[in-house]
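The structure under discussion appears below in the form of structure tokens.
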Amino acid sequence: MKIDFAKLQYQYQLYKREIDEAIHKVLDNSNYIMGDEVRELEESLQNFTSAKQTITCSSGTDALLLAMMALDIKAGDEVITTPFTFIATAETIALLGAKPVFVDIDEKTYNIDPSKIEEKITQRTKLIISVSLYGQPSSLDEIDKIRKKYNLFHIIDGAQSFGATYKNRNEIYYCDIYTTSFFPAKPLGCFGDGGAVFAKNSDIADKIRMLRVHGQNRRYHHKYIGLGGRMDTIQSAIVNVKLKHYKKDLSLRQEVANQYNQTLKDKNLVLPFIDKKATSVFAQYSIRVQHRDKVQVKLKEQGIPTAVHYPMPLHLQECFAYLGYKEGDFPISELISNEIMSLPMNPYLSINEIRYIADNIAKFI
Ligand SMILES: *Cc1c(COP(=O)(O)O)cnc(C)c1O
């Protein structure tokens, strides 16, 4: 058997007629920048999430930049976040001249451990960025308490979690700004780069709309230093189609996760732990294994692709050497990055494929 990790081509074939039609409509109108489809997407994203303000943008990375620029994060500020995430979360903090301050993760959820945040707060701390890793929100109640006590902003990096809930509400409800990504491999992906920012406050949202177009408040008049950060009309048209099917995709992902849970239990593995208050969108289904490299090679020989998100925590990355962290500073992030392994995950994995993957994992661990 040969397993496809994300089945992106399969998904395209599934919605081909609708997607091709939507793309050709853009081509026929030639409104490539900020065409009607961009506003349509912002409206449908808003309906989907019940967010107050929705602004599409060029990527999940630029969404983080725009969000922090709107909050005026700058040199001298400290931003608390997790070292167990994709580089963009902390890279954007550093790009703005602010200092990423890492806090270790919870061993069960792999998200930032709120009980370790307070000891890292100083006079300079402005913001907490939590990351909903693999699609699951962090402990948002606990983060909210700290945010209120110290008067900090809270951004959720939801690049992997669009649609996830906490206490039966979209997690967007629990932060000042939520950012997401439409990178092809994310749960809601386009056919290139794209992203979105969701804000509570309308002044902040207006500022983000200006920052997205070079900080201009009218054409060629620039109130802020901004970005060329718009989402393409074509990409918006594609996400518009996919969003119509997204609720179904999410329940299929949940079903695949349930089937993995069933077939992999009693195999002496650490499976994903989902907090009772939360739902995950299962961007990834990641398990912990010893001797990961060996297991990955064996699975690959059987036609089963796997991936590692992420093999090196951010405090040990060369680009952050100037922060002065060393091995041992965040032991849980280091442990998990050595053992974590993502299995093929998409809405269309069949029960036969899942059984085949589970049987082979049992053989090789
Ligand atoms: C993918 C990802 C991003 C960046 O999104 P892009 O659209 O690729 O720029 C940021 N944060 C996290 C946690 C991600 O997984």
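Numbering of ligands and ligand atoms starts at 1, following listing order.
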**Euclidean distance, Asp106 CG relative to Ser115 OG, rounded to 0.5 Å** =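 So the OG of Ser115 and the CG of Asp106 are separated by 8.0 Å.
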**Asked** What is the distance from atom CZ of Phe198 to atom OG1 of Thr180, rounded to the nearest 0.5 Å?
**Response**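 Separation between the atoms: 6.5 Å.
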**Request:** Begin from the C-alpha positions of Asp4 and Lys2 and carry the test salt bridge (charged side-chain N to carboxylate O under 4.0 Å, His left out) through to its verdict.
**Result:** CA-CA 7 Å; Asp4 185 339; Lys2 185 135 183 51; over 6 Å; no
**Prompt:** Closer than 4.0 angstrom: is that true for some heavy atom of Tyr310 and an atom of ligand 1?
**Reply:**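 Contact present.
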Would you mind running through ligand 1 and noting each atom that sits below 4.0 Å from a heavy atom of [X]?
X: Ser181; value: 5 (O), 6 (P), 7 (O)
X: Val131; value: 13 (C)
X: Ser59; value: 7 (O), 9 (O)
X: Ala159; value: 2 (C), 3 (C), 10 (C), 11 (N), 12 (C), 14 (C), 15 (O)

**Message:** Can you tell whether the side chains of Lys25 and Asp28 come within less than 4.0 Å, N to carboxylate O?
**Reply:**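 Judged by the 4.0 Å cut-off on N to carboxylate O distance, Lys25 and Asp28 do not form a salt bridge.
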**Asked** Under 4.0 Å between a Lys/Arg side-chain N and an Asp/Glu carboxylate O for Glu353 and Lys7?
**Response**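 Salt bridge flag = yes for Lys7 with Glu353.
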**Asked** Heavy-atom distance to atom 1 (C) of ligand 1: which of Gln284, His309, Lys186 wins?
**Response**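 Considering heavy atoms of Gln284, His309, Lys186, the nearest to atom 1 (C) of ligand 1 sits in Lys186.
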**Request:** Give every residue pair that meets the salt bridge (charged side-chain N to carboxylate O under 4.0 Å, His left out) criterion with at least one member in residues 275-300, sequence neighbours excluded.
**Result:**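 As it turns out, the salt bridge (charged side-chain N to carboxylate O under 4.0 Å, His left out) pairs with a partner in residues 275-300, which skip direct neighbours, are Glu107-Arg288, Asp141-Lys277, Arg288-Glu339.
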Does [X] reach ligand 1 with a nitrogen or oxygen that is under 3.5 Å from one of the ligand's nitrogen or oxygen atoms?
X: Thr85; answer: no
X: Phe182; answer: no
X: Thr61; answer: yes

**Asked** Nearest protein heavy atom to atom 8 (O) of ligand 1, by residue and atom, and its distance?
**Response**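 Protein heavy atom with the smallest distance to atom 8 (O) of ligand 1: Phe183 CD1, 3.9 Å.
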**Message:** Return the closest protein heavy atom for atom 11 (N) of ligand 1 as residue, atom name and distance.
**Reply:**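 The closest heavy atom on the protein side is Asp157 OD2, 2.8 Å.
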**Message:** Check whether Tyr12 forms a cation-pi arrangement with Lys242 (NZ or CZ under 6.0 Å from the six-membered ring centre, at most 45° off the ring normal).
**Reply:**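 So Lys242 doesn't make the cation-pi contact.
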**Message:** Between Ser236 and Glu37, is there a side-chain donor-acceptor contact under 3.5 Å, judged purely by atom types and distance?
**Reply:**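 Not at all, the side chains of Glu37 and Ser236 share no donor-acceptor pair under 3.5 Å.
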